Amino acid sequence: MQIDWLTVAAQIVNFLVLVWLLQRFLYKPITNAMRRREERIEERLSEAKSARTEAEEEAEALRRKKAELEDSKEEILDAAREEADALRERLETEIREETEEKRAAWREHLAEERDAFATSLRRKAGKQVLEVTERVLSDYADSDTADRVVATFAKRLKALDAETREKMTSAAAEDGQTAVVHTGSALSGSAKGRITRAIHETLSSDIEVDYREDAEMVLGVRLTIGDYTAEWSAMRYLKRLETELGEIIDAGTHAGGKGEDEAAVDDENAGEGDGRDTRREDHETA
Amino acid sequence: MEISPDAWVLYEWRGLRLTATVVFTWAVMALLVIGSWAVTARISEDETVSRWQVMLEVIVTRIRDQIDEVGAETPERYLPFIGTLFLFIATANLLTIVPGYQPPTGSLSTTAALAICVLIAVPLFSIARRGLAGYLRTYIRPTPLMLPFNIISEASRTLALAIRLYGNVMSGTVIVGILISVAPFFFPVLLQLLGLLTGLVQAYIFAILAMVYIASASQSRKDADGGANTETAKGD
């Protein structure tokens, strides 16, 4: 057992050199490598963790968005449904109103047509009656129709009561002793003379008579003095005929109106209606 | 029979003798450094690691864990010193299976050098950590009366470190030599195997004791007592 102090010193130096060398070649590289690896793994783990958190957040956000979308989808559907209902109601109301308007217009039109028809019918019937009457008169009377009319007029004039005569006379005096006689057709001179004579006899001999034609009268005579009028004409018969015809037409229209209502009901039931068709059918009914 | 490689002088120049101790120490150093360099030159920081690097990582990690277990707060501070003690002694002892090799740890000069290194390292680490006053205060704890005993303890444990390692390694060599002359072939091989185990255990004991001394000098009084207990337990 001996100690060589030189060797001890050398070994101390050797040991310190070894410490330095191993620190340089072993401990530092190894620990650094391990530390870096750990850091990298840690980094990757944290990255994975953050990625996972991010993914979870995103998933949560997407879930929320989906729920919102579903909610809003329901809302939108409800709103659309309500809107559609409102639109349908509005359209129905509009269509109903339009139908009502059309129906009213059609009724108006129908009434106008009926009036026009009645007027033309009246004229034609009047003319027909006149012709018939004239023929009858000319066939069975010994004077012409105008003379009979004049005679009838003169008779009527003479048959006026005293009060009316007086009023007419005073009216003629106010009006400058003029009277206007309207006839359906031109009168002969003798006929005019008879009327003038009748007026002079009945009212006043100072009255001047002015003869005018009025096609609308058809047949007859109308004396107008101021505000007073005395008339005998076929118009009265014609008006009676018109009244009767109007009653007949009204009755027919009434029956046609019923038919029209039924047709309208049918149209509503059918869902689709054409106003023109309805009108035509009703016209045929009328 | 030479019981110490110190007596084996390979070269002498003007009174400076190059003994086998120094030469074998250099051999061990070269083995350690070249081996480490060969692995760490191609070090990998990825998950794919070579098996040699894994071996070195395991060794370094284990040494660091042992230092940590003794109670040092920052194992990296003590890793080069303690780790080198262990690796050097272990390698020097394990190489005894190489024929013609004389372990440098079988020389009292080497063990004394290592013990002196520990003797110097303990106050250096302690002062670096707690300051000079803090280190000196450890000598008068628990009471100033303990000052002489602490100084004696410091000297005796250094001596014990040196003698323990020297005795174990040298005795192994000597016993093998004696057994070869008495019962050749079989028993020396067993004793060689036992010597490998003893050599590794001695390396562990030396390194751990060094760490315990350093830790006890660097830590608080309570921990220092714990460290002293550990020392008692580890002493053979």
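This structure is a prediction, so every number in the text was calculated from the model and none was measured. Numbered from 1 within each chain, the chains take letters A, B, ... in sequence-line order.
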* Greatest number of heavy atom pairs closer than 4.5 Å to chain B - which of A:D4, A:L18, A:L16 -> A:L18
* Under a 4.5 Å heavy-atom cut-off, does chain B meet the side chain of A:L6, its backbone, both or neither? -> side chain
* Asked: Closest heavy-atom contact between B:S44 and A:A33?
  -> O-CB, 4.1 Å
* Nearest-0.5 Å distance, CD1 of residue B:I116 to CD1 of residue A:I12 -> 4.5 Å
* Per-residue contacts, residues 60-88 of chain A versus chain B, heavy atoms under 4.5 Å -> none
* Report yes if some heavy atom in the side chain of B:L85 is under 4.5 Å from a heavy atom in the side chain of A:F15; otherwise report no. => yes
* Asked: Checking B:I120 against chain A: side chain, backbone, both or neither under 4.5 Å from a heavy atom?
  -> neither
* Asked: Do NZ/NE/NH1/NH2 and the carboxylate oxygens of B:E57 and A:R37 come within less than 4.0 Å?
  -> yes
* Can you tell if the side chain of A:I3 reaches within under 4.5 Å of the side chain of B:Y166, non-hydrogen atoms only? -> no
* Asked: Are any side-chain N or O atoms of B:T40 and backbone N or O atoms of A:F25, one a donor and one an acceptor, separated by less than 3.5 Å?
  -> yes
* To do: Can you tell which part of A:W5 gets under 4.5 Å to a heavy atom of chain B, answering side chain, backbone, both or neither?
  => side chain
* Distance (rounded to the nearest 0.5 Å) between B:T110 OG1 and A:N14 CG -> 8.5 Å
* **Closest approach of B:A113 to A:V8 (non-hydrogen atoms, all atoms of both residues)** => CB-O, 3.4 Å
* Which one, A:N32, A:T31, A:L26, leads in non-hydrogen pairs under 4.5 Å with chain B? -> A:L26
* Distance, nearest 0.5 Å, that separates CG of A:L22 from OG of B:S36 -> 5.5 Å
* For A:E42, does the CD atom have more than 12 heavy-atom neighbours from other residues, nucleotides or ligands under 6.0 Å away? -> no
* Decide if atom CD of A:E54 counts as having more than 12 heavy atoms of other residues, nucleotides or ligands within a radius under 6.0 Å. => no
* Asked: Would you call B:W37 and A:L21 a side-chain contact if the rule is heavy atoms closer than 4.5 Å?
  -> no
* Per-residue contact mode, B:V49 against chain A (heavy atom under 4.5 angstrom) -> side chain
* Structure fact -> The reported gap from CD1 in B:I43 to CE in A:M34 (rounded to nearest 0.5 angstrom) is 8.5 Å
* Looking at B:V22 and A:A10, what are the two nearest heavy atoms and their distance? -> CG2-CB, 4.3 Å
* Asked: Heavy atoms, side chains only, cut-off 4.5 Å: are B:I59 and A:I30 in contact?
  -> no
* **Between B:A162, B:A112, B:G83, the one whose heavy-atom pairs under 4.5 Å with chain A are most numerous** => B:G83
* Asked: So, A:Q11 versus B:T25: side-chain donor-acceptor pair below 3.5 Å or not?
  -> yes
